[in-house]
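The structure under discussion appears below in the form of structure tokens.
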Amino acid sequence: MTLSSTLSVPSASAIPRHLAIIMDGNGRWATRSFLPRTAGHARGLQAVKRVVEACGQHGVEYLTLFAFSSENWRRPQEEVSLLMRLFVQTLEREIDKLSERGVRLRVIGDLDAFEPRLQDLILQAQERTAQNTTLHLTIAANYGGRWDILQATQHMLKAQPQLAAHPEKINEQSLAPYLSMAFAPEPDLFIRTGGEQRISNFLIWQLAYTELYFTDRYWPDINAQHLQEAFDWYATRERRFGRTSAQLSQP
Ligand code: IPE
Ligand code: IPE
Ligand code: MG
């Protein structure tokens with residue numbers, strides 16, 4: 001099981017071990033260029049490739065990308081369909097390359113809502129890359145932080161029904177193994193592109209002590225240099241986890 005930032009102080013290094021990103025601004029990127037919003041999603045995919053590559057080079061171990069939120073179903077049907085098609089195509093076309101590079105792919109979220117073909121592709125891609133260890137790439141799709149906490153609670157109580165009779169015994173460690181990101185340390189750095197400064201129901205449990213970085217740049221414009229800027233900013237943060245500055249400088 002991974003360490004909790006609220007139960008003990010995690011070790012921190014200059015490069016984030018786990019980077020979580022809300023890839024926002026695809027639609028505005030397209031609108032700015034008089035293109036349909038969907039063109040922005042297609043271009044956003046190129047940025048995903050650049051960032052995966054750059055994370056590999058920096059030695060980031062876990063990269064978690066928010067691709068489709070549980071609230072994104074509220075978008076126009078056309079846009080949702082295009083996003084689903086893009087997801088299918090990407091899995092079909094990119095999985096060989098990702099696997100060769102040692103990427104382990106996981107998809108978190110309520111996958112039942114996806115069409116069977118997409119669900120199959122996801123399962124295949126996960127199995128196919130299950131032995132890889134270079135970079136843990138996680139795509140959050142039909143994901144919501146509240147959904148995650150609720151599904152974890154339900155699974156916990158199914159597995160340990162005695163906890164329902166003794167709710168005082170429920171603690172972080174009882175719930176944590178059932179959360180979708182149980183396999184990973186908590187994110188060190190969170191990046192949101194596109195100018196908004198909100199979490200939009202992303203990893204609400206796991207972001208408890210994450211450093212939050214916001215940039216106005218639209219996601220399709222993001223490149224390795226921009227990622228470097230975020231890492232440089234991250235390296236200047238003093239991660240106190242509740243302690244004082246003076247305590248940190250003590251040996
Ligand atoms: C993020 O870009 C991609 C998804 C949510 C799928 P948006 O599509 O939200 O782009 P903006 O925020 O409208 O510019
Ligand atoms: C968050 O972006 C979800 C993803 C990037 C997948 P949105 O653009 O949907 O977020 P809100 O609705 O503006 O907060
Ligand atoms: Mg948006």
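Atoms within a ligand are numbered from 1 in the order they appear, just like the ligands themselves. In this text, all values refer to a predicted model and were calculated from it rather than measured experimentally. Values reported hereafter were calculated over all heavy atoms of this structure, with side chains retained and with hydrogens, waters and symmetry mates removed.
If you check the side chains of Thr210 and Gln206, you find no donor sitting under 3.5 Å from an acceptor. With no hydrogens or angles considered, no side-chain donor-acceptor pair links Gln162 and His166 at under 3.5 Å. Side chain to side chain, Asn72 and Ser69 meet the donor-acceptor criterion of an N or O pair below 3.5 Å.
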- Message: Please determine whether side-chain hydrogen bond (donor to acceptor under 3.5 Å, both in side chains) holds for the pair Gln160 and Ser174, giving the CA-CA distance in whole Å, both sets of side-chain angles, and the decisive distance to 0.1 Å.
- Response: CA-CA 9 Å; Gln160 293 162 269; Ser174 8; over 6 Å; no

- Working for side-chain contact (heavy atoms from CB on, under 4.5 Å), residues Trp147 and Asn142: CA-CA 10 Å; Trp147 165 82; Asn142 192 23; over 6 Å; no

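Atoms of ligand 2 lying under 4.0 Å from any heavy atom of Arg198, numbered from 1 in the order shown and given with element: 11 (P), 13 (O), 14 (O).
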Quick check for students: name every N or O atom pair between ligand 1 and the protein closer than 3.5 Å, with distances.
from: ligand 1; atom 1: 2 (O); to: Asp24; atom 2: OD1; distance (Å): 3.4
from: ligand 1; atom 1: 2 (O); to: Gly25; atom 2: N; distance (Å): 3.4
from: ligand 1; atom 1: 2 (O); to: Asn26; atom 2: N; distance (Å): 3.2
from: ligand 1; atom 1: 8 (O); to: Arg37; atom 2: NH2; distance (Å): 2.9
from: ligand 1; atom 1: 8 (O); to: Arg75; atom 2: NH1; distance (Å): 2.7
from: ligand 1; atom 1: 9 (O); to: Asp24; atom 2: OD1; distance (Å): 2.9
from: ligand 1; atom 1: 9 (O); to: Arg75; atom 2: NH2; distance (Å): 2.8
from: ligand 1; atom 1: 10 (O); to: Gly25; atom 2: N; distance (Å): 3.4
from: ligand 1; atom 1: 10 (O); to: Asn26; atom 2: N; distance (Å): 3.1
from: ligand 1; atom 1: 10 (O); to: Gly27; atom 2: N; distance (Å): 2.9
from: ligand 1; atom 1: 12 (O); to: Asp24; atom 2: OD1; distance (Å): 2.8
from: ligand 1; atom 1: 12 (O); to: Arg28; atom 2: NE; distance (Å): 3.4
from: ligand 1; atom 1: 12 (O); to: Arg28; atom 2: NH2; distance (Å): 2.9
from: ligand 1; atom 1: 13 (O); to: Arg37; atom 2: NH1; distance (Å): 2.9
from: ligand 1; atom 1: 13 (O); to: Arg37; atom 2: NH2; distance (Å): 3.0
from: ligand 1; atom 1: 14 (O); to: Gly27; atom 2: N; distance (Å): 3.4
from: ligand 1; atom 1: 14 (O); to: Arg28; atom 2: N; distance (Å): 2.7
from: ligand 1; atom 1: 14 (O); to: Arg28; atom 2: NE; distance (Å): 2.7

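In this structure, Glu53 does not pair ionically with Arg50, as no charged nitrogen and carboxylate oxygen lie closer than 4.0 Å. Looking at Arg240 and Glu238, a side-chain N of the basic residue comes within less than 4.0 Å of a carboxylate O on the acidic one, giving a salt bridge.
Using cut-offs of 30° and 60° for the angle between ring planes, the His58 and Phe231 rings count as perpendicular.
Residue contacts with ligand 2 do not include Arg74, since none of its heavy atoms lies under 4.0 Å from the ligand.
In this structure, the separation between OH on Tyr62 and CZ on Arg106 is 7.0 Å, given to the nearest 0.5 Å.
Around the Mg ion (ligand 3), the protein contributes the following N, O or S atoms under 2.8 Å, ordered by chain and number: Asp24 OD1.
Stacking of Arg32 on the aromatic ring of Tyr218 is not recorded, the 6.0 Å distance cut-off and the 45° axial limit not both being met.
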